[in-house]
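Report on the structure given below.
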Amino acid sequence: MTKETTMSDEIISAEAEQKQLDDIFSQRKAKAEELRAAGIAPYGVFVDNIIPTTEARAKYVPDVENTELVTVAGRIMTFRVMGKATFLHIKDQHGSLQLYAQRDLLGEEEYRRFKRLDPGDLIAASGHMFVTKTGEITLKMHSYTMLSKSLRPLPEKFHGLTDMEQRYRQRYLDLIMNDESRSLFFKRIQIIREIRNFLESRGFMEVETPMLQYIPGGAAATPFKTHYNALDCDMYMRIAPELYLKRLLVGGFEKVYELNRNFRNEGIDRRHNPEFTMIEIYQAFGNCETMMELIESMVTTIAQKVFGTLQIKLPGDKVINLERPWRRAPYRDLVRERTGRQDWFELPREEKYKLAKELGAQVMPDWTDLEITHEIYEKLIEHTLIQPTFVTRLPAELVPLAKKCADDPKSVDVYELEINGQEISPGYSELNDPIDQRKRFMEQVTLSGKDPAQAVDEDFLTALEYGMPPAGGMGIGVDRLVMLLTGTESIRDVVLFPQLKPRQN
RNA sequence: GGGCUGGUAGCUCAGUCGGUAGAGCAUCGCCCUUUUAAGGCGGGUGUCCAGGGUUCGAGUCCCUGCCAGCUCACCA
């Protein structure tokens, strides 16, 4: 408090005094000062031997007098003063527990102070366990310790916090008030842990590669641009780790993955957050087939360990069955099936255009064969692939960085894993021909009109020229995998702090 | 970027035909020693998202903007 008080301030404050006293924030600050005045620290006291509320509850032994001293700590969620006794619930990370305070146990002065606590305050309490008339296991308090005075009122106890914007902007409030939200994030954490456990058990090594890159490669997305002062040059947040992970394959690392953030300077919506968690996995001497086996095994293992089932219930009574083996369907077969024409790929462009329109695809007159076909795939087929499906053997033009199928140069040896009508993961037999790779980079440069020095990662090409082993590679959008496994409809609900526009005051 | 919906007390919400803003929870005072959305009595609480306009008068009607949610488009 460095602000000087002037005469006019005092006159104003005299008027504002009553209002100030009524203000919850001011009232609680005053309560914190009361505690200080009584020699009690309102913040930051260490308490030993705290156990989770769940363990405390388990300590209760029926039909005997429970004498063991138990200490718990948490945030006061409800507070019911009934004269000389008070019931309250506290919540910790593990759950909540009812506490019971009596004047006769705490002592008159201490109990009077206790009644001045508020919902939102953090306390530790020691006592023994008992069960109330209504059958709730409760801690009868012998003593308590103030841990943190809350100066702001919590959201309403019954309805909680429902305003989506506030839940995202003040996630801590969402986590305090909404158990479903909290357990969803615990699920996310478990899923990520099981991904790591699984890959560890398969002999993969987790690596970290640059997030700040001079040439943002490995995907065709708009990057975030930044500036490195020490070197006075522009840099970019990575859009993918792919090109660095492949350098590691050249370097002799055979099974590597990176599970971390990518940044893409694109729109925000229900499925997109500008920073998102991606896993990329590469296995030397593997191929697309290796990757299909890997992801199938990985996702089913995770589902089993985290959810204990392979049947995922989604909103709208949909059930995804993850039991193996998952369906494999060549792209061309799906198109032939949907169009009802075995000779679809032999038809002239005009015929395709006409048929596509009849089927309800919004195709443009100037589109190529490939564009028409792919529109049918994306708009008429993809969303129908509810159960896990590997779509294989895509047209080569669609996937420039994959190997061609040995038996068909028009197709590439890749999969796209579709679950619930959405692409969950692409996997490739990775291109390791440095001459071909250079050619494809140059084609991209021509298409985008960028400066080759800014768009072609020469160092990566140099690495390939030393020889990269043939490899299988795959990526998974981790946020979307979590959404799928938890039946969540918005990426913002599985990201702790989703990006929102800054509030302007 | 387009369309739709919303923004009122700390939170959840109501607000009629345009007449100067309400409830519950929270909070403050009093009562209450097994309550649990505790209960009873009493009190205080507002930048009605922002800025314009219409009007004697706007939370309400009109315009513009901001923020959010949904949706469409875009997006390797």
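The analysis underlying the following values was restricted to heavy atoms, covering all of them including side chains, and did not include hydrogens, waters or symmetry mates. If you're wondering where the values come from, they're calculated on a predicted model, not measured in any experiment. Chain letters run A, B, ... following the sequence lines, proteins first, then strands; residues in each count from 1.
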Q | Nucleotide nearest A:Ala220 (side chain, heavy atoms from C-beta), chosen from B:rA76, B:rC32, B:rU34 | A | B:rA76

Q. Rounded to the Å, how far apart are A:Met82 CE and B:rG39 C1'?
A. 8 Å

(Q) Just N and O in the side chain of A:Lys84: are any of them under 4.0 Å from OP1 or OP2 of B:rU33? (A) yes

Which pairs would a plain distance check flag for residues 473-480 of chain A, meaning a side-chain donor or acceptor within less than 3.5 Å of a matching protein atom at least two apart in sequence or in another chain?
unit_1: A:Asp479; atom_1: OD1; unit_2: A:Arg188; atom_2: NH1; d: 2.9
unit_1: A:Asp479; atom_1: OD1; unit_2: A:Arg188; atom_2: NH2; d: 3.1
unit_1: A:Asp479; atom_1: OD2; unit_2: A:Thr277; atom_2: N; d: 2.8
unit_1: A:Arg480; atom_1: NE; unit_2: A:Arg271; atom_2: O; d: 3.3
unit_1: A:Arg480; atom_1: NH2; unit_2: A:Arg271; atom_2: O; d: 2.9
unit_1: A:Arg480; atom_1: NH2; unit_2: A:His272; atom_2: NE2; d: 3.3

Q | Distance below 4.0 Å between A:Thr132 side-chain N/O and B:rU35 OP1 or OP2 | A | no

Q: Please tell me which of the listed nucleotides, B:rU12, B:rC67, B:rU27, lies nearest to the side chain of A:Lys501?
A: B:rC67

(Q) Rounded to whole Å, please give me the gap between CG in A:Leu97 and P in B:rU35. (A) 17 Å

Q) What integer distance in Å separates A:Ile491:CD1 from B:rC75:P? A) 19 Å

Q: Specify whether A:Phe114 and A:Phe79 have parallel, tilted or perpendicular ring planes, treating 30° as the upper limit for parallel and 60° as the lower limit for perpendicular.
A: tilted

Q: Sticking with atom P, work out how far B:rU34 lies from B:rG69, rounded to a whole angstrom.
A: 47 Å

Q: Check every strand shown and say whether A:Pro119 touches a base, only sugar-phosphate, or nothing at a heavy-atom separation below 4.0 Å.
A: sugar-phosphate

Q) Any side-chain N or O of A:Arg169 under 4.0 Å from OP1/OP2 of B:rA68? A) yes

Q) If you check every side-chain atom of A:His272, which of B:rU71, B:rC75, B:rG69 has the closest atom? A) B:rC75

Q) Between B:rU33 atom P and A:Tyr100 atom OH, what is the distance in whole Å? A) 9 Å

Q | Geometric class of the A:His142/A:His128 ring pair [parallel <30°, tilted 30-60°, perpendicular >60°] | A | perpendicular

I'd like a list of close polar pairs between nucleotides 4-6 of chain B and the protein, N/O only, cut-off under 3.5 Å.
none

Q | Pair partner, B:rC70 [Watson-Crick or wobble, under 3.5 Å] | A | B:rG3

Q) In whole Å, what separates the P atom of B:rC13 from that of B:rG7? A) 10 Å

Q | Nucleotide opposite B:rG51 in a Watson-Crick or G-U pair, distances under 3.5 Å | A | B:rC63

**Q.** Between B:rU35 and B:rG19 - C1' atom distance, rounded Å
**A.** 46 Å

**Q.** C1'-based separation of B:rG59 from B:rG46 [nearest Å]
**A.** 11 Å

Q: Tell me which nucleotide among B:rA76, B:rU34, B:rU12 gets nearest to the side chain of A:Asp163.
A: B:rU12

Q: Would you classify A:Gln102 as touching base, sugar-phosphate or nothing, given that sugar-phosphate means primed atoms plus P, OP1 and OP2, and contacts are heavy atoms under 4.0 Å?
A: base

Q.
I need the CD-C1' distance between A:Gln166 and B:rA9, as an integer number of Å.
A. 13 Å

Q) For the residue pair A:Ile376 and A:Ala356, what are the closest heavy atoms and their distance? A) CD1-CB, 3.8 Å

Q: State which of B:rU35, B:rU34, B:rG10 makes the closest approach to the side chain of A:Glu156.
A: B:rG10

Q | Heavy atoms from other residues, nucleotides or ligands near CZ of A:Arg169 exceed 12 (cutoff 6.0 Å) | A | yes

Q: Measure from the side-chain N and O atoms of A:Glu55 to the backbone N and O of A:Pro52, and report whether any donor-acceptor pair falls under 3.5 Å.
A: no

Q. When the nearest nucleotide of RNA chain B is assigned to A:Gly83 and to A:Arg492 on a heavy-atom basis, which residue is associated with the more 5' position?
A. A:Gly83

Q) In terms of side-chain heavy atoms of A:Arg116, which of B:rG29, B:rA26, B:rU33 is nearest? A) B:rG29

Q: For nucleotides B:rA73 and B:rU64, find the distance between their C1' atoms and express it as a whole number of Å.
A: 25 Å

Q: Mind telling me whether A:Tyr100 and A:Phe130 have parallel, tilted or perpendicular rings, with 30° and 60° as the class edges?
A: tilted

Q: Quote, to the nearest angstrom, the C1' distance that separates B:rC48 from B:rG6.
A: 14 Å

Q: Go through B:rA37, B:rC11, B:rG10 for me and flag the one nearest to the A:Pro153 side chain.
A: B:rG10

Q. Can we say A:Glu110 and A:Arg113 salt-bridge, meaning some charged N sits less than 4.0 Å from an Asp/Glu carboxylate O?
A. yes

Q.
Measuring only the P atom in each nucleotide, how far is B:rA50 from B:rU60? A whole number of Å is fine.
A. 10 Å

Q | Who pairs with B:rC32 - Watson-Crick or G-U, where each distance is under 3.5 Å | A | none

Q: Report the distance from atom CG of A:Leu105 to atom P of B:rU34, rounded to the nearest whole Å.
A: 13 Å

Q: Report which part of the nucleic acid A:Leu398 touches: base, sugar-phosphate, or nothing (heavy-atom distance under 4.0 Å, all strands).
A: nothing

Q) Which nucleotide in the set B:rU27, B:rC70, B:rU35 lies at the smallest distance from any side-chain heavy atom of A:Asp118? A) B:rU27

Q. In whole angstroms, how far is the P atom of B:rA76 from the CZ atom of A:Arg271?
A. 16 Å

Q) When you check the gap from the basic side-chain N to the acidic O, do A:Asp459 and A:Arg247 get nearer than 4.0 Å? A) yes

Q. Has A:Arg270 got a side-chain N or O lying under 4.0 Å from the OP1 or OP2 atom of B:rU71?
A. yes

Q: Using a heavy-atom cut-off of under 4.0 Å over every strand shown, decide if A:Lys140 touches base, sugar-phosphate, or nothing.
A: base

Q.
Can you work out whether A:Asp269 or A:Glu136 has the more 5'-proximal nearest nucleotide on RNA chain B?
A. A:Glu136

Q. Given the C1' atoms of B:rU12 and B:rG51, what is the spacing between them in whole Å?
A. 29 Å

Q: Calculate the interatomic distance between A:Gln499 atom CD and B:rC67 atom P; express it in whole Å.
A: 14 Å

Q | Result of checking A:Arg152, A:Arg75, A:Lys29, A:Arg28 against A:Asp118 for salt bridge (charged side-chain N to carboxylate O under 4.0 Å, His left out) | A | A:Arg28

Q: Please work out if A:Val399 contacts a base, only the sugar-phosphate, or nothing of the nucleic acid, heavy-atom cut-off 4.0 Å.
A: nothing

